[in-house]
Structures are given as C-alpha cells and as structure tokens.
Amino acid sequence: MKFVVNLYLGPEAAAGPGSGREEFLAVAREAGELIGGHVLADPSVSVVVRVRAGAAEVSEGPYLRDAEPLASQYLLDCPSLDRAVELAALSAAGWPGGVEVWPLMDAAGMEM
C-alpha cells in the first residue's frame with residue numbers, strides 16, 4: 001500500500017536537528033519503503049488557486065491551512081497502515097503541528 005506522510009510545523013516552530021526526520025528517513029530508506037519526498041518552501045512564497053464564477057483566481061499565500069504549515073511530504077510503500085504509522089511515529093515528537101498518514105487511492109479506489 002502507498003501512503004503520503006505529511007509533516008506539519010507548529011506556528012512558531014522550525015524543523016531542524018532533533019526533529020526525528022533523519023531517523024524516519026533512514027529507517028524507511030533502509031527498509032526500502034521510502035519512495036520519495038519533498039521539503040516545501042516557506043509558505044510566504046506560495047499561492048492559492050480558486051475557481052470563482054468559472055475563472056481561476058490566484059492569490060499570494062499563505063496556503064489554505066493557516067494554523068500549521070505543511071513542511072514536508074513523503075511517499076511510502078508499506079505493507080500496512082500500521083507500518084506507515086510506525087514509521088511516522090519516528091518523527092512525530094519533533095513536529096508540533098502533527099504528522100498525517102494518508103493512504104493513497106488509484107483509479108480503482110483504495111489500494112489494498
């Protein structure tokens with residue numbers, strides 16, 4: 001099964017050494033479960049796209065979620081949700097905004 005792991009910063013936090021990301025990445029990479037990932041740029045350089053009255057409207061950031069900015073996103077291929085949660089827990093303490101684990105769907109629905 002494939003999962004997206006989203007790491008969120010708290011409003012005043014900054015990710016750095018001790019955030020748990022290094023351990024999470026090392027364990028997931030060693031197990032062959034890390035497919036890829038991205039660290040996102042500062043939210044102040046983002047844009048928001050909405051469609052209103054049939055026309056795309058683009059505004060400068062911030063992003064849609066204003067309490068905890070999404071800081072990083074990783075794609076895992078794990079045998080189960082439990083394993084994805086186990087990996088995500090390696091970094092959860094260092095991310096005060098939280099860590100989400102989302103199962104991915106393909107055109108047929110949930111991959112099982």
Side-chain angles (χ1 to χ4, degrees):
M1 293 182 67
K2 291 186 178 67
F3 300 90
V4 170
V5 175
N6 294 320
L7 305 177
Y8 290 89
L9 290 175
E12 304 286 323
S19 67
R21 180 174 28 206
E22 294 80 15
E23 182 181 8
F24 159 73
L25 292 172
V27 171
R29 189 176 292 119
E30 177 72 26
E33 295 168 316
L34 179 66
I35 295 171
H38 304 280
V39 176
L40 303 177
D42 188 271
S44 66
V45 297
S46 68
V47 297
V48 176
V49 180
R50 293 182 177 89
V51 174
R52 299 215 168 124
E57 186 178 282
V58 179
S59 60
E60 292 183 8
Y63 39 87
L64 294 174
R65 187 180 184 121
D66 63 358
E68 300 92 18
L70 177 62
S72 304
Q73 196 171 54
Y74 297 96
L75 182 59
L76 302 176
D77 190 357
C78 300
S80 67
L81 175 61
D82 289 341
R83 174 60 179 162
V85 168
E86 179 184 324
L87 289 170
L90 294 172
S91 62
W95 296 89
V99 176
E100 292 178 327
V101 177
W102 286 60
L104 293 182
M105 293 177 30
D106 62 18
M110 287 284 290
E111 180 184 328
M112 294 295 191

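Both backbone and side-chain heavy atoms feed into the values below; hydrogens, waters and symmetry mates do not.
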Q: Using the side chain to side chain contact (heavy atoms under 4.5 Å, CB included) rule, pick out the option among L87, L7, N6 that qualifies with Y74.
A: L7
Q: Please identify each residue that fulfils side-chain hydrogen bond (donor to acceptor under 3.5 Å, both in side chains) with R29, with sequence neighbours left out.
A: none
Looking only at non-hydrogen atoms, find the nearest pair between [X] and [Y] and report the distance.
X	Y	result
L76	I35	C-CD1, 3.9 Å
P79	E33	CD-OE2, 3.4 Å
D77	M1	OD1-O, 3.1 Å
F24	S91	CB-CB, 4.0 Å

Q: To the nearest 0.5 Å, tell me how far L70 CG sits from L40 CG.
A: 5.0 Å
Q. If you round to the nearest 0.5 Å, how far is CD of E86 from CG of L90?
A. 7.0 Å
